[in-house]
There are 2 protein chains.
Amino acid sequence: MASPRYRRLGRDERREQILAVARRMFTELPYTEVSTTAIAREAGVQRGLVHYYFGAKRELFLQVVRHLTATLATQLPPLPEGLSLEEMVDLCVAHFLDAADANATTWFAAVDAEGFGQDPELTRIVHRTRDLTVEHLLKALRVPGPTDTLRAVLRAYSGLAEVATREWLQHKALSRAQAHTLLARSLLTLVRDIAPAVERS
Amino acid sequence: MASPRYRRLGRDERREQILAVARRMFTELPYTEVSTTAIAREAGVQRGLVHYYFGAKRELFLQVVRHLTATLATQLPPLPEGLSLEEMVDLCVAHFLDAADANATTWFAAVDAEGFGQDPELTRIVHRTRDLTVEHLLKALRVPGPTDTLRAVLRAYSGLAEVATREWLQHKALSRAQAHTLLARSLLTLVRDIAPAVERS
DNA sequence: CAACGCTATTGGCGATGTGCCAATAGCGTG
DNA sequence: CACGCTATTGGCACATCGCCAATAGCGTTG
């Protein structure tokens with residue numbers, strides 16, 4: 001008797017396997033250059049199965065992005081007590097840089113996903129995770145009565161953090177120590193001096 | 001005599017017309033949802049003509065992005081003489097916000113284009129324009145002996161500027177005055193205090 | 001342990017998009 | 001007015017996508 005033509009896996013098992021392949025391919029290549037055919041081939045299944053599990057290709061891509069951002073969100077560290085603002089900023093920045101370093105590929109893939117061209121659902125996902133980290137920052141720094149304006153300032157700060165991380169890990173124009181100095185001092189100044197001034201504007 | 005079935009235009013004329021249509025569509029919809037068929041239809045020509053002028057669809061898209069970024073680069077204002085650092089920063093920020101406001105659609109489309117997914121040529125284009133504006137900033141602020149580290153810090157600043165502008169024009173979480181305060185004070189602190197500290201790290 | 005049932009998986013159809021190119025037809029020129 | 005250049009058309013070949021009916025692993029049951 002010949003061995004069966006294909007292994008029949010459980011729903012979640014197969015789903016996760018295909019998702020893993022898709023994750024790798026979408027982080028390595030532009031969206032349009034990743035075909036469902038190629039994903040299926042690498043996963044060792046027929047293309048139809050990919051659509052059976054995820055529907056449209058776009059839906060699969062969104063799943064991938066959701067997973068990437070979720071991965072990053074869970075990396076938020078616990079908050080120690082009784083530190084000064086300076087120490088807390090230092091700690092947050094160090095944690096942030098560690099996380100970015102450890103998941104460089106994932107991190108850039110997630111951040112890069114944003115611009116993928118006016119896709120409302122996609123930008124919603126990315127913005128939500130950005131908001132999550134901002135909330136985490138607010139808690140960590142114990143800012144009294146955080147306003148929406150402060151949140152906006154911190155979101156802007158996350159834009160600076162994003163590029164600074166790129167300058168460190170990709171472009172290598174900054175060392176880790178330099179990136180740390182830049183991020184820590186910027187955050188401190190923003191929260192302590194600039195944000196209040198912005199509030200008053 | 002029936003009127004001719006199509007108007008025959010000059011090479012540059014038709015090129016520009018198709019490019020204009022592509023520009024509009026690519027700034028309104030995600031890449032994958034803009035078909036060459038649709039571009040051709042809106043331009044009132046056959047699809048083959050689009051490929052005759054631009055080759056692949058990707059090439060057309062790159063042309064669009066090049067045009068968008070070029071548009072923004074030409075908006076750099078001349079530099080008045082004899083101002084203090086503070087005044088110069090104020091002026092630069094004001095100019096920047098004006099430009100972003102006037103070309104909001106174009107601006108966000110260009111910025112959003114970056115993430116389109118690991119496309120090397122595309123990121124090259126976006127980075128080059130970012131570098132251009134950084135050089136312009138350096139000239140404007142008359143920083144003595146700008147180092148690569150300072151350039152990296154300013155690129156990070158442009159990340160902050162990007163999100164801050166979004167918070168003003170899209171999310172509307174900041175007023176123009178607030179965005180101005182945020183950008184001006186951040187830039188000043190970065191150049192005067194933080195960048196030197198980063199250099200020493 | 002053979003028959004059965006559930007559903008994971010296949011394989012293929014139809015529609016759409018892309019790249020290309022030979023044939024056609026505006027339109028300026030001699 | 002005839003001619004030639006080339007802008008423009010229209011269609012072929014192929015890839016991808018979305019979908020779905022048929023098939024076949026594999027656990028369950030009598």
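Proteins get letters first, then strands, A, B, ... in listed order; numbering begins at 1 in each.
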Q.
Under 4.0 Å, counting only non-hydrogen atoms across every strand here, what does A:Tyr53 touch: a base, just sugar-phosphate, or nothing?
A. sugar-phosphate

Q: For C:dT9, take OP1 and OP2 only and decide whether either is under 4.0 Å from a side-chain N or O of A:Gln46.
A: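 Checking A:Gln46 against C:dT9: no side-chain N or O falls below 4.0 Å of OP1 or OP2.
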
**Q.** A:Thr181 side chain to B:Ser201 side chain, donor-acceptor N/O pair below 3.5 angstrom
**A.** yes

Q. For nucleotides 13-24 of chain D, read 5' to 3', which letter fits each nucleotide if B means a protein heavy atom sits under 4.0 Å from the base, S means only the sugar-phosphate is that close, and - means neither?
A. ----BBB----B

Q: Not counting sequence neighbours, which residues clear side-chain contact (heavy atoms from CB on, under 4.5 Å) with B:Leu91? List them please.
A: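 Result, side-chain contact (heavy atoms from CB on, under 4.5 Å) vs B:Leu91: B:Pro80, B:Leu83, B:Met88, B:His95.
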
Q. Looking at residues at least two apart in the chain, or sitting in another chain, which of them share a side-chain hydrogen bond (donor to acceptor under 3.5 Å, both in side chains) with A:Arg14?
A. A:Gln17

Would you call [X] and [Y] a salt bridge, taking side-chain N to carboxylate O under 4.0 Å as the test?
X: A:Arg66; Y: A:Glu121; value: yes
X: B:Asp148; Y: B:Arg151; value: yes
X: A:Arg124; Y: A:Asp119; value: no

Q. How long is the line joining CZ of A:Arg7 and P of C:dT9, in whole Å?
A. 10 Å

Q) Rounding to a whole Å, what distance do you find between B:Phe61:CZ and C:dT18:C1'? A) 17 Å

Q | Those residues that, when tested against A:Glu42, pass salt bridge (Lys or Arg N to Asp or Glu O under 4.0 Å) (two or more places apart) | A |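 Salt bridge (Lys or Arg N to Asp or Glu O under 4.0 Å) check on A:Glu42 returns A:Arg24.
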
Q. Partners of B:Phe26 by ring-ring contact (aromatic ring centres under 6.0 Å, His included), sequence neighbours excluded?
A. B:Tyr31, B:Phe61

Q. Going by heavy atoms closer than 4.0 Å, what residues in residues 11-28 of chain B are next to DNA chain D?
A.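 Close to the strand are B:Arg11, B:Arg14.
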
Q: For B:Leu9 and for A:Leu9, locate the closest nucleotide of DNA chain C by heavy-atom distance; then report the residue assigned to the nucleotide nearer the 5' terminus.
A: A:Leu9

